[in-house]
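Here's the structure, in structure tokens; my notes come after.
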Protein chains: 4
Amino acid sequence: MAKYQRILDAAISVFAEQGFFQSTIAQIAKEAGVADGTIYLYFKNKDDILVQFYQYKTRQIFERFREAVSKPATAEEKLRCLIRVHLQEFQKDRNMAIVYQAETHQNRTLGTELIKEMSKMYRDIISEVVELGQEEGTIRRDLYMGLVKRFINGAVDEVINSWIHSGGKYDLVTMADPLVDLFIKGIGVNRQ
Amino acid sequence: MAKYQRILDAAISVFAEQGFFQSTIAQIAKEAGVADGTIYLYFKNKDDILVQFYQYKTRQIFERFREAVSKPATAEEKLRCLIRVHLQEFQKDRNMAIVYQAETHQNRTLGTELIKEMSKMYRDIISEVVELGQEEGTIRRDLYMGLVKRFINGAVDEVINSWIHSGGKYDLVTMADPLVDLFIKGIGVNRQ
Amino acid sequence: MAKYQRILDAAISVFAEQGFFQSTIAQIAKEAGVADGTIYLYFKNKDDILVQFYQYKTRQIFERFREAVSKPATAEEKLRCLIRVHLQEFQKDRNMAIVYQAETHQNRTLGTELIKEMSKMYRDIISEVVELGQEEGTIRRDLYMGLVKRFINGAVDEVINSWIHSGGKYDLVTMADPLVDLFIKGIGVNRQ
Amino acid sequence: MAKYQRILDAAISVFAEQGFFQSTIAQIAKEAGVADGTIYLYFKNKDDILVQFYQYKTRQIFERFREAVSKPATAEEKLRCLIRVHLQEFQKDRNMAIVYQAETHQNRTLGTELIKEMSKMYRDIISEVVELGQEEGTIRRDLYMGLVKRFINGAVDEVINSWIHSGGKYDLVTMADPLVDLFIKGIGVNRQ
DNA sequence: CATGAATGAGGGTTCATTCAT
DNA sequence: AATGAATGAACCCTCATTCAT
């Protein structure tokens with residue numbers, strides 16, 4: 001049962017391994033243990049598998065991000081928690097991470113809207129946290145927010161990307177604290 | 001003639017537009033104004049076009065990066081110059097930027113070595129600069145270098161990525177200074 | 001229930017709309033309000049639906065034709081009645097008419113026997129009527145019967161065909177009398 | 001060489017044998033002695049083969065019909081000549097005849113316009129001939145022209161149809177004179 | 001009887017690559 | 001060197017048919 005989940009998992013696994021375009025329906029079907037045609041009972045076409053991946057799998061991850069920032073009280077703690085959860089979730093599901101990284105850096109029209117929406121949601125969270133920090137007085141006020149969001153998002157993405165390309169050897173989550181430290185304090189020495 | 005260049009440019013243009021897998025040799029040939037078969041006089045196969053793109057086009061860019069860090073005296077200025085040149089070069093050749101961004105986030109075997117080599121070269125430059133700063137006393141010593149490299153590389157990449165997805169509307173180079181500022185000082189307020 | 005009838009009607013309706021090969025079992029099932037599998041309880045396979053259409057639906061029509069020629073006394077009246085009933089029946093069930101017209105002009109092996117049998121039955125009726133007329137002295141004796149049968153059958157078919165392609169707008173039965181007039185007297189002026 | 005013709009001929013041959021929908025591109029390619037893909041150099045898709053058949057092959061036939069009615073002086077001779085040429089041409093190219101017969105009785109949207117146009121052209125020729133006869137005084141004036149056209153067209157079609165289904169055994173052209181005789185004089189005895 | 005999820009063979013179509021000219 | 005017609009393997013997708021429930 002839960003054939004939908006089995007197919008989706010198989011697909012993401014195959015996509016992660018070979019990339020979307022080099023993956024075939026036959027491979028996915030085999031991996032999922034179903035017939036080729038069965039896939040079309042659950043997905044409109046090959047593209048739709050990716051779209052649904054975003055719609056159902058990724059959305060749920062991003063809800064965890066919202067959750068992550070809701071608990072801590074201070075901006076710094078919120079940011080720390082967000083990044084920790086981010087790294088945690090991507091570490092937990094490496095295939096998802098791979099497919100997500102690959103697709104967000106593609107400029108295809110395939111589900112572009114969803115991806116953009118998702119990325120925006122992430123950056124919105126960052127915005128809120130940063131703004132909170134500014135109100136708290138713990139974060140600088142002379143920041144161009146659009147850039148800050150990219151700055152944080154990009155750094156986290158690249159840390160994940162490196163981890164993926166390393167073969168997922170080391171523990172990704174341990175990067176969370178040093179990374180937040182860099183975000184907050186930068187690499188420069190503290191000038192008094 | 002320079003048919004080789006014409007084909008390479010055409011290919012990158014088509015890849016940028018549609019992605020590598022959705023591009024066809026016929027499209028590239030048409031864009032380059034040559035016959036389909038002619039492409040095979042200059043490239044072993046479709047994949048080889050991408051490989052050569054890295055080998056000849058991208059390598060030259062990265063040489064500019066080396067150059068960029070050689071002139072300034074201080075670490076901060078070197079970093080500023082590196083990032084400015086990086087954004088400049090990618091802004092100058094948007095198609096290259098698109099293809100580069102897409103391919104570096106793929107985990108294909110296609111020319112993976114080259115990409116890794118290129119990324120490593122970039123991160124090596126950062127390492128050197130950061131180490132210099134540490135010697136100068138302008139950059140913190142309590143840094144995990146592997147992370148710092150990703151931190152900077154990722155942030156710059158994402159800034160470029162955003163610019164690409166925005167359609168290349170705004171001036172990318174103006175981001176250089178605020179970005180370096182973030183790298184050096186972070187987002188936190190200066191605690192004495 | 002009469003599920004058999006419902007399926008058969010649905011099938012003919014769908015075949016009429018899209019043609020046999022472009023119709024799917026799923027469409028027929030939906031139109032009939034049954035499950036796909038249910039169709040296979042009543043029909044051996046897709047082809048069998050067409051075969052049974054001929055066997056049960058069309059056969060009954062042709063029995064009306066027999067009836068039609070049995071009542072009138074003279075050959076001309078028999079012919080007139082035959083054609084009137086023919087047009088009537090096809091007008092009454094347009095879907096049947098469409099499917100019948102399409103299939104009789106196919107040279108498929110699918111139920112060819114039945115179609116041939118049916119067409120032969122029709123032409124036999126004409127033969128009998130014409131022979132009666134010859135005995136009566138109302139119909140010429142210097143006729144090649146094989147041709148006369150095609151001549152009448154073809155003309156009627158084409159009149160129906162035109163009506164179908166017109167979208168069934170006008171009243172088909174009104175064509176009966178003028179058509180019989182043409183059969184009997186031809187288009188030439190009466191030479192004494 | 002003349003690959004276009006070879007493919008078109010092969011296609012019509014295969015369509016005639018098995019019907020359009022049951023024919024495969026692979027069969028056509030094999031029959032034409034080319035690779036499957038080669039067909040797509042000359043035809044947009046499978047449907048297009050049929051469309052082009054009408055556009056190039058059939059159109060040329062119908063031009064012969066025009067020619068046929070242009071030479072004789074009297075209406076009767078024109079009609080006789082038209083029908084003789086019609087039967088001749090269809091006898092000469094039996095595959096064309098089969099495909100033509102099948103398609104004109106389909107109510108598909110595939111090239112419907114062309115078929116309608118062609119049929120109309122044929123019936124226009126008949127109209128002109130009949131009207132000429134009426135002016136000559138050799139053809140009755142009390143005729144519903146729309147019906148007369150179907151009457152003649154249908155009878156000829158059915159004669160061809162029978163010939164096809166008989167396997168093309170006998171000489172189709174010998175039917176021309178007796179058929180015209182039926183058209184002109186009808187089957188009834190001459191009443192004074 | 002009835003269902004409809006599952007199957008998998010089959011077909012149309014694309015496109016990287018070759019090769020005769 | 002250059003061409004572009006030809007190739008045919010490969011892939012997505014459809015749909016008639018089956019069968020466990």
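Atoms considered below: every heavy atom in the structure, side chains included; atoms not considered: hydrogens, waters and symmetry mates. Chain naming here is simple, since letters A, B, ... match the order of the sequence lines and numbering starts at 1 in each.
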Write down the partner of F:dA16 under the Watson-Crick or G-U wobble criteria, each distance required to be under 3.5 Å. E:dT7
Only pairs with both distances under 3.5 Å count, Watson-Crick or wobble alike; so what is the partner of F:dA10 in this structure? E:dT13
Validate the cation-pi geometry between B:Lys46 and B:Tyr40: distance from NZ or CZ to the six-membered ring centre under 6.0 Å, angle to the ring axis within 45°. no
In whole Å, what is the span from the [atom1] atom of [X] to the [atom2] atom of [N]?
| X | N | atom1 | atom2 | result |
| --- | --- | --- | --- | --- |
| D:Tyr42 | F:dA6 | OH | P | 3 Å |
| C:Asp36 | E:dT7 | CG | P | 16 Å |
| B:Ile28 | F:dA2 | CD1 | C1' | 18 Å |
| B:Phe21 | F:dC11 | CZ | P | 12 Å |
| A:Ile39 | F:dT14 | CD1 | C1' | 14 Å |
| B:Arg6 | F:dA2 | CZ | P | 9 Å |
| B:Gln18 | E:dC15 | CD | C1' | 14 Å |
| B:Gln22 | E:dT14 | CD | P | 15 Å |

Could you grab the distance from atom CD1 of C:Ile49 to atom CZ of C:Phe20, nearest 0.5 Å is fine? 7.0 Å
Any chance you could measure C:Thr38, atom OG1, to C:Ile25, atom CD1, to the nearest 0.5 Å? 11.5 Å
Looking at the side chain of C:Ile25, which of E:dT3, E:dT14, F:dT17 is the nearest nucleotide? F:dT17
Ranking E:dA5, E:dC1, F:dT3 by distance to the side chain of A:Leu41, first place goes to E:dA5
For the side chain of D:Gln27 and the backbone of D:Thr24, is there at least one donor-acceptor N/O pair under 3.5 Å apart? yes
Taking 4.0 Å as the cut-off, does a side-chain nitrogen or oxygen of [X] come that near to OP1 or OP2 on [N]?
| X | N | value |
| --- | --- | --- |
| D:Tyr40 | E:dC15 | no |
| D:Lys46 | E:dG11 | no |
| D:Lys3 | F:dA6 | yes |
| D:Thr24 | E:dG11 | no |

5' precedence on DNA chain E between D:Lys44 and A:Thr38 (nearest-nucleotide basis): A:Thr38
Nearest heavy atom decides the nucleotide; on that basis, is B:Asn45 or D:Gly37 closer to the 5' end of DNA chain E? D:Gly37
For E:dC1 versus F:dT21, give the span between their C1' atoms, rounded off to a whole number of Å. 13 Å
Applying a 4.0 Å non-hydrogen cut-off, can you work out what B:Phe43 is touching in the nucleic acid: base, sugar-phosphate, or nothing? nothing
So which atom in D:Lys3 and which in D:Tyr42 form the shortest heavy-atom distance, rounded to 0.1 Å? CB-OH, 3.7 Å
Need to verify one output field. Residue with the more 5' nearest nucleotide on DNA chain F, D:Gly33 or A:Ala26? D:Gly33
Flag the pair B:Tyr100 / B:Ile61 as yes when at least one side-chain heavy-atom distance between them is below 4.5 Å, and no otherwise. no
